[in-house]
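Accompanying notes for the structure given below.
Heads up: numbering here begins at 1 and tracks the sequence. Counting convention: from 1, in listed order, for ligands and their atoms alike.
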Amino acid sequence: MAALVWMTLCLAAAFAVDRSNFKTCEQSSFCKRQRSVKPGSSPYRALLESLQLSQDSMKLQLINEVNKVPLLLELVGLQGNMTRIKINELSPLRPRYEVPDVLVRDPPTTWLAVTGRDENSVELSLGDSGHKLILTGKPFRMDLLQGRELVLSVNPRGLLHFEHLRHRKDSFSDKVSSSVGSLWDKIKKLQRYHDPLIAGPTSVGLDFSLPGEGLGGDPYRLYNLDVFQYELYNLMALYGSVPLLLAHNTQRTLGIFWLNAAETWVDISSNTAGKTLFGKMLDYMHGGGETPQTDVRWMSESGIIDVFLLLGPAPSDVFRQYTALTGTQALPPLFAMAYHQSRWNYNDEEDVAAVDEGFDTHDIPCDVIWLDIEHTDGKRYFTWDTNKFPQPRNMLGRLAAKRRKMVSIVDPHIKVDSGYQVHNEIRSRGFYVKTKDGSDYEGWCWPGSAGYPDFTNPEMRTWWASMFSYDQYEASMENLYIWNDMNEPSVFNGPEVTMYKDALHQGGWEHRDVHNLYGLYVQMATAQGLEQRSGGLERPFVLSRAFFAGSQRYGAVWTGDNAAEWDHMKISIPMCLSLALVGISFCGGECGAGGRLSPDAELLVRWYQVGAYQPFYRAHAHLDTVRREPWLFGEENKALIRAAIRQRYALLPYWYTTFYHSYRSGQPVMRPLWVEYPDDVTTFSIDDQFLIGNALLVHPVTEQGAQGVQIYLPGKGEVWYDVHSHQKHHIPAYQRGGSIVPRKERVRRSSDCMYHDPYTLYVALSPQGTAEGDLFIDDGHTYNFESKAQYLHRHFSFASNTLTARSADSKGIFESPAWIERVVILGAGKPAAVFLRQPGMAETRLDFQHEPETSVLTLRKPGVNIGANWSISLR
Ligand SMILES: *[C@@H]1O[C@H](CO)[C@@H](O)[C@H](O)[C@H]1NC(C)=O
Ligand SMILES: *[C@@H]1O[C@H](CO)[C@@H](O)[C@H](O)[C@H]1NC(C)=O
């Protein structure tokens, strides 16, 4: 039984990052304390006599036999094969932080029942799913089973460790325990991190075991940080984190979602020897033999233990379960899936006009031009540099006339300047994050000394959202969208380039408690602002660098300030795949976003090809690099880049439909192969090729000088794809047999210009001669598809030599003038004749062309409206 454990961010090789700026577990005092608790018999005992059962939850006390501090365990059965476990102190001295705003609702519950009991254990049934939980009193552990299958164990190695709150004076004395004294000494040694730990130690930790082999090694760190030109294949922290662990083997996919926003470390190890009771139980249930087990240990610096067990069993079930909790990917406006041109910086209005013009001159589609921080008046966001951008409204108007958009940057650090209105308002309203003395916290960032608005405060977020209204944000128009950078938050002179952990947020919470949520709140408030400026009609577009569980509801993320290097391009694929698995589908990795290196033409062309098949497609460049608009690298390279971008535009109908599915059902847009082929163990370790939706398999070229790529085709095996024997502009991509993919093949200036263009359907027949696919259409930018059911969802199927179009969802009603101009059937023999049939009309004959050597049958001009019912038969 092979298995794979996917963690949220799996990164890699040595680059310019100065690792000594960032902590290891050894240097993170709570991680070190937690890890000093060694596997063995748990000091915790469950007081079975304290058990209280209600309809949908069970409560029980746990007592630490050493320090006698009681904890409260709450177990809640959730609908759809999920279980929630909360552990808090029975009576904490002060409330402990519980993460708000990440769950989209109180998850619907299901019934629990006690189905067995003896002096040291209780057996519970969890709803109708057939899952049972056996809770052992002493030492405390829980085992989750389905029938005879052991699915997962909680606290199997006895690592539950919960540092209870103490009276402040106690924590400074040695009375509580001698280890506390030495703890303070250690903290003093880490003065440069400036963390006096006023509240004393408050960390929490718990361990789990699951069947199967995982990836062991150093602990992963989840702590959102600004890591310029990060190292690859390293488990240190990065810009965003999603505390969800997925495990997959041929029998089951499951997830552990650890809802905690404080600094968190995760230890994963795998073994067959030296098994714990868990492993022995596994062997017994599997009838002996060596069944590998994976041990996982979560450790967070503060808060409570609030963990969701997502029991699958299929990959699609786990995606549905996780997104039922945290929300699905927001459906982006259509333009946001098209190509974006960015640079730090486009210098002035003339520069923007020239770049815009360049795309037309060179016949390359482009939807959006981006402005980085230099467009502002001295890094004062919401303003314009009046020398370089004297007429921003005219500039936006000119882009709008070309049916293009603009994105401007608005970062969450606000210049401390009494002449700056935004700063004055935030200060006078008391909306800044505070120091522990109650003054406004100030850090150093792009504008120099800056305050950080407290985005955890809902009143602050409401005010921030109002700043995007057309009358507040000077010159802003409908085609201006927003980019939030530096929202980890990045503080150049702060510990590990972020905020002091004892800075104070609304409600008196320390930054320690809320750190990983900050970036999510910035993007949330900004997206709300864009929504509100249109009276709630228009779908926002906001790109964010930092993220957390649930960020998928607010827009896109990118892989941050990488370098223009081959390995950085390569890693963008597994990075976006990992994010897609944890709910965040709208991801892209761009060429050297942070790097001072300029790519050579080969790397740049390859990066455009990789990007064409990533959900978010933007080119960006560092201030210090030479210009790299697509036409600056000679005719041949320009043609290759143009072909990659046009390929993206041709597939926009498919991208849009795939995003719609992600929005509806939580399935990732970009997928590792094992998601579609969960029984094929060869797919489990593949991370250089992937699928878009379920129909396109892509393996971009990511090696310098490569002549081709080795592609694994499930069911067929390895195939060498020789790039040079194909036309040079080819990006190795396959359409799955049995699928139908809609495309638009006329070249235009932007996605908006293509809106009414006709469709071409690509029908790839399965060995059985069948295929199916669908298409989602709406206006491309409003919420009317939701609020007024203004959409078309079409279904296409091919069977018995007949291609049929019907509605996939009769609730949606929408008129589109677009029609079908071509149908291409891959793998078809030559018919004698082809007939089109529409309800209430006579059959008509269609022209066709057949290429016998490739078995491609092209049907010309069916000419039917995209919303019509019809069938085409090959006879
Ligand atoms: C719950 O699990 C059972 C058994 O593994 C499975 O048959 C069922 O489809 C699952 N239900 C959901 C909603 O995932
Ligand atoms: C297509 O057929 C469905 C029933 O199969 C019907 O409800 C719908 O009105 C038809 N659409 C058109 C445009 O004729």
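- We find that R748 and D757 are joined by a salt bridge, their nearest charged nitrogen and carboxylate oxygen being less than 4.0 Å apart.
- Not counting sequence neighbours, R297 has no partner by the salt bridge (Lys or Arg N to Asp or Glu O under 4.0 Å) test.
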May I have the N/O to N/O pairs between ligand 1 and the protein that fall below 3.5 Å, each with atom names and distance to one decimal?
unit_1	atom_1	unit_2	atom_2	d
ligand 1	2 (O)	N81	OD1	3.4
ligand 1	2 (O)	N81	ND2	2.3
ligand 1	5 (O)	Q146	OE1	3.4
ligand 1	5 (O)	Q146	NE2	3.1
ligand 1	11 (N)	N81	ND2	2.9
ligand 1	14 (O)	N81	ND2	3.3

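- Scanning for salt bridge (Lys or Arg N to Asp or Glu O under 4.0 Å) contacts around E772 gives an empty result, with sequence neighbours left out.
- Residues E821 and K861 are not paired through a salt bridge, judged by the lack of any N-O separation under 4.0 Å between the basic side chain and the carboxylate.
- Under the rule for a salt bridge (Lys or Arg N to Asp or Glu O under 4.0 Å), E815 has no partner lying at least two apart in sequence or in another chain.
- Ring planes of W258 and W298: parallel class, angle under 30° (limits at 30 and 60°).
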